[in-house]
Amino acid sequence: MERTGPTVRFSGLLAAATAAVLAAGTLVATAPAAGAADVDLARNGGFESGLDGWSCTAASGAAVSSPVHGGTKALKATPAGSDNAKCSQVITVKPNSSYTLSAWVQGSYVYLGATGTGTTDVSTWTQSSGAWKQLTTTFRTGPSTTSVSVYTHGWYGTPAHYVDDLTLVGPGGDPVVIPAVPAGLKTTGLTSSSVALSWNAVSGASGYNVYRGGTKVATATGPSATVTGLTPSTAYSFQVSATNAAGESAKSAAITATTTAGGGGGGDTELPARALVGYLHSSFANGSGYTRMADVPDSWDVINLAFGEPTSVTSGDIRFSLCPVAECPNVESEAEFKAAIKAKQAAGKKVLISIGGQNGQVQLASTAARDAFVTSVSKIIDTYGLDGLDIDFEGHSLSLDTGDTDFRSPTSPVIVNLISAVKSLKAKYGSDFVLTMAPETFFVQLGYQFYGSGPWGGQDPRAGAYLPVIHALRDDLTLLHVQDYNSGPIMGLDNQYHSMGGADFHIAMTDMLLAGFPVAGNTSRVFPGLRPDQVAIGLPASTQAGNGHTTPAEVNKALNCLIKKTDCGSYQTHGTWSDLRGLMTWSINWDRFNNWEFSRNFDAYFGN
């Protein structure tokens with residue numbers, strides 16, 4: 001979140017994301033060359049049999065007889081709208097093996113890559129058009145990788161491109177067999193209308209089917225899912241099966257779960273079924289102007305005070321005070337501010353202290369900083385009678401040390417100490433303590449492709465760095481509202497890049513949080529999906545508030561898709577997330593500046 005109006009602040013992060021991708025490509029360039037026993041594993045790589053073996057988005061791909069690089073046919077693919085004309089093929093491979101991926105391409109901004117490698121996914125591209133050009137990249141599979149997806153695509157708004165003579169050279173994989181029956185099915189969360197489930201990952205599985213009373217009700221890419229649309233105080237029977245290219249396993253042993261009588265449980269803290277979250281510029285002014293607490297409309301259910309900031313980056317000592325009169329002439333007194341907070345709480349609203357923001361870099365690199373954080377944040381909460389804490393760590397606050405590669409058991413001090421500090425605060429204030437987080441996509445969804453510095457080093461160590469924090473605190477987490485703005489393109493679960501500003505971005509990014517995803521493509525390290533009632537979509541309130549502003553019409557499309565599975569466009573969600581909690585915005589001040597467009601649209605959509 002930013003303190004200074006529409007300034008673009010994350011060029012460094014976007015450059016870092018690009019650098020991470022480039023670093024990944026550079027790192028694998030030194031992989032061993034293909035051996036004498038290696039073979040070409042790509043099926044119909046010359047497109048002589050049309051699109052046999054290939055899956056292309058929309059109607060973007062076709063086999064043509066001219067131009068061709070070799071043989072009689074080549075692929076012609078035409079990007080259109082939000083479709084980048086991606087064509088892909090899943091190929092069986094061997095674990096711990098080296099592969100060379102190559103193709104001849106013609107056109108501008110043509111990409112060639114592989115995902116699901118189990119190590120670092122790779123891609124390469126050409127900027128030039130004209131003559132045929134060969135693209136080549138290499139990768140090594142992970143210890144449990146048995147298949148990869150190879151792909152080509154163009155770029156949005158560019159003319160048609162051509163691909164021919166695509167090869168994947170390396171050791172052939174063992175025949176795909178139907179996966180084993182999943183074990184360890186259990187309930188991980190309950191609400192009055194949903195049941196969250198998890199189970200043990202199955203080797204060789206590419207997906208899972210969830211059954212309720214013998215009827216398939218959900219699919220998942222990892223070993224967790226949330227079944228929604230249920231009736232309060234009702235017992236349901238669940239089973240799960242594993243799937244891959246060979247077929248579907250038998251169903252697991254059934255378990256029974258009973259929905260709650262009402263509310264959400266597990267960190268719900270009595271929020272309304274649909275909640276509107278906003279940040280209030282309380283400690284500073286910017287182009288939006290200062291808004292007094294008493295003047296915040298009733299539409300806002302969670303009000304995050306921006307910001308508590310540290311005395312130094314590594315001190316852990318957090319301070320908060322109201323905006324100085326010289327900067328905010330209409331600022332209320334401390335007594336008025338505290339009275340207004342109590343009035344909001346009496347009306348059922350939650351008021352939190354938000355720590356961090358654009359300028360508030362917080363690195364809890366030592367146990368002393370951790371303890372200072374707990375003490376100072378507690379003092380702020382007690383002084384103002386607040387309901388809890390919002391973690392808005394940005395910039396270089398969170399990063400992963402080299403060798404810290406498993407989000408399930410982090411070792412980096414800034415991560416471990418933050419988790420410990422928040423758990424201490426939760427223990428101190430009890431079950432009513434509200435905990436929310438507002439990470440950027442770079443620190444969460446980018447983890448689908450890259451995690452930390454990577455298995456060989458060289459990537460941005462901040463990539464995916466929020467994932468271990470979210471995972472460790474998921475049972476205490478009230479709301480996660482990722483900032484779907486000031487973001488570069490991010491790959492979704494459809495293995496396509498999605499760009500901010502429209503419904504598609506919010507649909508893809510939110511679906512990732514709810515369905516879960518393998519971290520850095522490693523199917524043995526799957527980030528489990530959160531409950532829908534733990535997730536809100538983060539957006540800027542106006543064009544002045546940040547890059548990626550989304551019009552009310554597009555916001556409503558995103559809500560329709562995620563909650564009702566209508567208006568989804570080309571992206572298909574992995575569930576119908578009817579219990580999605582709501583929306584977050586930066587900020588209440590900017591919404592007021594924009595004649596309350598954001599909150600008015602929220603109220604109209606949900607009938608408030």
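The shortest side-chain heavy-atom distance between Phe139 and Val148 falls under the 4.5 Å cut-off. Within the 4.5 Å cutoff, no side-chain heavy atoms of Thr436 are placed close to those of Leu480. Side-chain atoms of Phe527 and Phe407, non-hydrogen and from C-beta on, do get closer than 4.5 Å to each other. You'll find the side chain of Met437 reaches within 4.5 Å of the side chain of Ile470, heavy atoms only. Side-chain contact between Asp484 and Ser487 is absent, with no heavy-atom pair separated by less than 4.5 Å. Residues Phe238 and Val227 form a side-chain contact, since some pair of their non-hydrogen atoms from C-beta on lies under 4.5 Å apart. Counting heavy atoms from C-beta outward, His471 and Val469 have side chains that stay 4.5 Å or more apart. Looking only at side-chain heavy atoms (C-beta outward), Val555 and Leu583 come within less than 4.5 Å of each other.
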I'd like a table of donor-acceptor pairs (distance under 3.5 Å, sequence neighbours excluded) in which one partner is a side-chain atom from residues 195-208, with atom names and distances.
from   : atom 1 : to     : atom 2 : distance (Å)
Asn200 : ND2    : Ala183 : O      : 3.4
Ser206 : OG     : Thr243 : O      : 3.2
Tyr208 : OH     : Val202 : N      : 2.9

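Note that Arg525 lies outside the cation-pi zone of Tyr451, set by a 6.0 Å cut-off to the ring centre and a 45° limit from the axis. With a 6.0 Å cutoff to the six-membered ring centre and a 45° limit on the axis angle, Lys86 counts as a cation-pi contact of Tyr151.
Relative orientation of the Tyr497 and His153 rings is perpendicular, given thresholds of 30° and 60° on the angle between their planes. The aromatic rings of Tyr571 and His498 sit perpendicular, their planes meeting at an angle over 60°, well past the 30° parallel limit. Using the six-membered ring where Trp is involved, Trp586 and Tyr279 have ring planes that are tilted, between 30° and 60° apart.
Side-chain N or O atoms of Gln534 include one that pairs as donor or acceptor with a backbone N or O of Leu477 at under 3.5 Å. The main-chain N or O of Ala541 is found under 3.5 Å from a side-chain atom of Thr585 such that the two form a donor-acceptor pair. Of the possible polar contacts, none joining the Trp300 side chain to the Lys349 backbone as a donor-acceptor pair under 3.5 Å is found. Of the possible donor and acceptor atoms, none in the side chain of Ser299 sits under 3.5 Å from a partner among the backbone N and O of Ser599. Gln496 places no side-chain N or O within donor-acceptor distance of the main-chain N or O of Met491, the cut-off being under 3.5 Å. Checked by atom type and distance alone, the side chain of Gln239 never pairs as donor or acceptor with a backbone atom of Tyr211 at under 3.5 Å. Between the Thr576 side chain and the Ser578 main chain, no donor and acceptor come within less than 3.5 Å of each other. Listed for the Glu440 side chain is no donor-acceptor partner under 3.5 Å among the backbone atoms of Asn486. At least one donor-acceptor pair closer than 3.5 Å links the side chain of Thr145 to the backbone N or O of Thr117. At least one donor-acceptor pair under 3.5 Å links the side chain of Ser224 to the backbone N or O of Gly529.
Within the structure, disulfide (SG to SG under 2.5 Å) pairs that include any residue of residues 553-600 comprise Cys561-Cys568 (at least two apart or interchain).
Counting all heavy atoms, side chain and backbone alike, Ala503 lies closest to Ala558 at CB-N, 3.8 Å. Between Ser237 and Ala254, the shortest heavy-atom contact is OG-CB, 3.6 Å. Residues Gly113 and Leu101 share a closest heavy-atom pair of O-CD2, 3.4 Å. Taking each heavy atom of Leu75 and Gly61 in turn, the nearest pair found is CD1-CA, 4.1 Å. Summarising the geometry of Pro232 relative to Thr259, their closest heavy-atom pair is C-OG1, 3.3 Å, with the distance given to 0.1 Å. The shortest heavy-atom contact between Ala42 and Leu168 is CB-N, 4.0 Å.
Leu166 CG to Asn44 CG: the interatomic distance, rounded to the nearest 0.5 Å, is 10.0 Å. Taking CD1 of Ile490 as the reference point, atom CE of Met512 lies at 8.0 Å (rounded to 0.5 Å). Taking CG of Asp504 as the reference point, atom CE of Met509 lies at 8.0 Å (rounded to 0.5 Å). Here the CG-CD distance, from Leu446 to Gln459, works out to 8.5 Å after rounding to the nearest 0.5 Å. Between atom CD1 of residue Ile255 and atom CG of residue Leu185 there is a gap of 4.0 Å, rounded to the nearest 0.5 Å. Here the CG-CD1 distance, from Leu580 to Ile537, works out to 5.0 Å after rounding to the nearest 0.5 Å.
The only member of Asp511, Thr510, Thr226, Asp533 that meets side chain to side chain donor-acceptor pair (under 3.5 Å) when paired with Trp577 is Asp511.
Tyr448 and Asp121 are not linked by any side-chain donor-acceptor pair at a separation below 3.5 angstrom, with hydrogens and angles left out of the test. Side-chain atoms of Asn594 and Ser542 form no donor-acceptor pair, as typed in the model, at a separation below 3.5 Å. A donor-acceptor contact under 3.5 angstrom links the side chains of His506 and Thr550, judged on distance only. Judged purely by distance below 3.5 Å, without hydrogens or angles, the side chains of Glu248 and Asn209 pair a donor atom with an acceptor atom.
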Step by step, work out the side-chain contact (heavy atoms from CB on, under 4.5 Å) result for Leu479 and Val277. CA-CA 10 Å; Leu479 276 179; Val277 183; 3.8 Å; yes
Please evaluate residues Phe598 and Phe602 with respect to the criterion ring-ring contact (aromatic ring centres under 6.0 Å, His included), reporting the C-alpha separation (whole Å), side-chain torsions for both, the decisive distance (0.1 Å), and the verdict. CA-CA 6 Å; Phe598 188 90; Phe602 176 91; 7.7 Å; no
Given side-chain contact (heavy atoms from CB on, under 4.5 Å), test Thr231 with Tyr236 step by step and report yes or no. CA-CA 10 Å; Thr231 302; Tyr236 293 92; 3.5 Å; yes
Trace of the side-chain contact (heavy atoms from CB on, under 4.5 Å) decision for Phe606 with Leu559: CA-CA 10 Å; Phe606 289 113; Leu559 292 172; 4.2 Å; yes
Should Thr158 and Val110 be marked as a side-chain contact (heavy atoms from CB on, under 4.5 Å) after you check the CA-CA gap, both sets of side-chain angles, and the distance that decides it? CA-CA 10 Å; Thr158 58; Val110 188; over 6 Å; no
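Salt bridge status for Lys557 with Glu554: present, with a side-chain N to carboxylate O gap under 4.0 Å. Checked for salt-bridge contact, Lys350 and Asp301 miss the test: no charged N lies under 4.0 Å from a carboxylate O.
Taking the side-chain contact (heavy atoms from CB on, under 4.5 Å) definition, one finds that Phe593 meets it with Ser288, Gln544, Trp590, sequence neighbours left out.
Summarising the local packing, NZ of Lys565 is surrounded by more than 12 heavy atoms from other residues, nucleotides or ligands at distances under 6.0 Å.
A centroid separation of 6.0 Å or more is found between the aromatic rings of Trp155 and Tyr109.
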